[in-house]
Amino acid sequence: MTEPTAAEPNAPSSGDDTTADSGAPTVIIVVTEEPLKPVDVDKIIALHEEESATYRVLVPADVQRNMLSSFLNHLSLFEMKEALDSLRPVDRDEAHADAQGALDTTLAEFAAHGVPATGEITGDDPLPTLVEEVSRLDASEVVVVTEPQAVEDTFHTDWASKARETLGLPVLHMYAGDWRLG
């Protein structure tokens with residue numbers, strides 16, 4: 001009589017099954033400065049459709065944005081009106097209201113897709129909160145959604161690049177409302 005192999009249905013378990021599902025959902029952290037659109041949420045949840053995933057959304061209240069960088073980003077995309085608008089100082093209350101609106105819209109979009117999501121507004125730099133949340137939630141991946149940013153993307157000073165350097169886990173950078181990756 002031969003002993004059963006792992007491929008046989010009656011094979012005894014070795015006790016070291018690292019592929020077994022722990023039952024806990026995968027936690028994905030989404031950092032966005034924009035309210036996510038249906039297309040954004042579609043592609044984010046499509047990345048994890050084979051597993052049970054929950055999402056934690058972080059939206060920075062960007063009250064200290066770099067006006068020159070923002071101006072150059074808009075110019076690189078031939079967005080002249082937005083480039084000129086970016087030269088006016090940022091109002092703190094307006095920045096928080098924009099961040100709250102982006103968070104509310106994004107959480108509503110996840111809910112419309114039947115996917116569990118929670119979120120919060122962070123400070124100007126979302127990285128400290130991101131590091132805390134990755135540790136607290138044992139997150140397995142980060143998705144950063146931004147508008148195209150010519151200066152930051154070119155010099156790797158964007159949030160996705162900083163997160164990759166700091167976290168040591170997969171970080172996907174997507175552009176809002178688009179199928180392109182950053």
Side-chain angles (χ1 to χ4, degrees), residues 27-48 53-74 76-77 79 81-134 136-137 139 141-153 157-164 166-167 170-182:
V27 177
I28 311 300
I29 298 180
V30 178
V31 178
T32 182
E33 60 188 358
E34 301 291 326
L36 296 186
K37 299 171 182 73
V39 66
D40 301 322
V41 174
D42 285 340
K43 58 186 174 172
I44 291 170
I45 61 176
L47 296 170
H48 308 97
T54 62
Y55 298 86
R56 178 76 172 153
V57 179
L58 303 177
V59 179
D62 195 6
V63 297
Q64 295 180 355
R65 72 174 158 78
N66 183 321
M67 284 195 282
L68 178 59
S69 177
S70 182
F71 177 75
L72 292 174
N73 286 333
H74 288 296
S76 72
L77 296 170
E79 300 171 343
K81 180 187 179 316
E82 291 85 351
L84 291 173
D85 288 346
S86 71
L87 294 176
R88 70 178 171 85
V90 177
D91 177 79
R92 184 182 256 346
D93 293 334
E94 185 179 322
H96 280 279
D98 288 347
Q100 186 63 55
L103 179 61
D104 294 344
T105 300
T106 299
L107 292 178
E109 196 56 52
F110 274 106
H113 281 76
V115 178
T118 60
E120 72 177 272
I121 297 172
T122 72
D124 288 321
D125 180 2
L127 198 57
T129 304
L130 178 59
V131 169
E132 290 172 16
E133 291 296 283
V134 165
R136 182 179 75 82
L137 299 170
E141 184 177 326
V142 173
V143 178
V144 178
V145 183
T146 66
E147 293 294 324
Q149 300 171 331
V151 175
E152 290 87 349
D153 291 350
T157 59
D158 58 289
W159 296 329
S161 294
K162 290 178 182 179
R164 281 185 201 105
T166 304
L167 298 173
V171 177
L172 177 66
H173 184 192
M174 300 177 359
Y175 292 133
D178 198 330
W179 286 100
R180 293 178 295 159
L181 300 177

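Scanning both residues, I45 and H113, for their nearest heavy atoms gives CD1-CD2, 3.6 Å. Summarising the geometry of I121 relative to A61, their closest heavy-atom pair is CG2-CB, 3.8 Å, with the distance given to 0.1 Å. Between H173 and A160, the shortest heavy-atom contact is CB-CB, 3.5 Å. Of all heavy-atom pairs spanning G119 and R56, the tightest one is N-NH1, 3.3 Å. In terms of heavy-atom proximity, A102 sits nearest to V59 at CB-CG1, 4.0 Å.
Two residues are said to be in side-chain contact when any heavy atoms from C-beta on lie closer than 4.5 Å; D124 and P60 fail this criterion. Put simply, the side chain of V30 reaches to within 4.5 Å of the side chain of F110, judged on heavy atoms. You'll find the side chain of L130 stays beyond 4.5 Å of the side chain of T166, heavy atoms only. The side-chain heavy atoms of Y175 and V145, taken from C-beta on, include no pair separated by under 4.5 Å. Counting heavy atoms from C-beta outward, H48 and Y55 have side chains that approach closer than 4.5 Å.
Of the possible donor and acceptor atoms, none in the side chain of T54 sits under 3.5 Å from a partner among the backbone N and O of P116. Side-chain atoms of D104 do not come within 3.5 Å of backbone N or O of G101 as any donor-acceptor pair.
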With side chain to side chain contact (heavy atoms under 4.5 Å, CB included) as the test, would you mind laying out the steps for V131 and L167 before giving the verdict?
CA-CA 7 Å; V131 169; L167 298 173; 3.8 Å; yes
Working for side chain to side chain contact (heavy atoms under 4.5 Å, CB included), residues E120 and L58
CA-CA 5 Å; E120 72 177 272; L58 303 177; 3.6 Å; yes
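T105 OG1 to K37 NZ: the interatomic distance, rounded to the nearest 0.5 Å, is 10.0 Å. Put simply, CG on L127 and OG1 on T122 are 10.0 Å apart, with the number rounded to the nearest 0.5 Å. The CG atom of D40 lies 7.0 Å from the OG1 atom of T32; values are rounded to the nearest 0.5 Å. The distance from the CD1 atom of I44 to the CD atom of E141 is 9.5 Å, given to the nearest 0.5 Å.
Listed by chain and residue number, V57, L103, A117 satisfy the side chain to side chain contact (heavy atoms under 4.5 Å, CB included) test with L107 (two or more places apart in sequence, or in another chain). Every residue was checked against the salt bridge (charged side-chain N to carboxylate O under 4.0 Å, His left out) condition with E132, not counting sequence neighbours, and none meets it.
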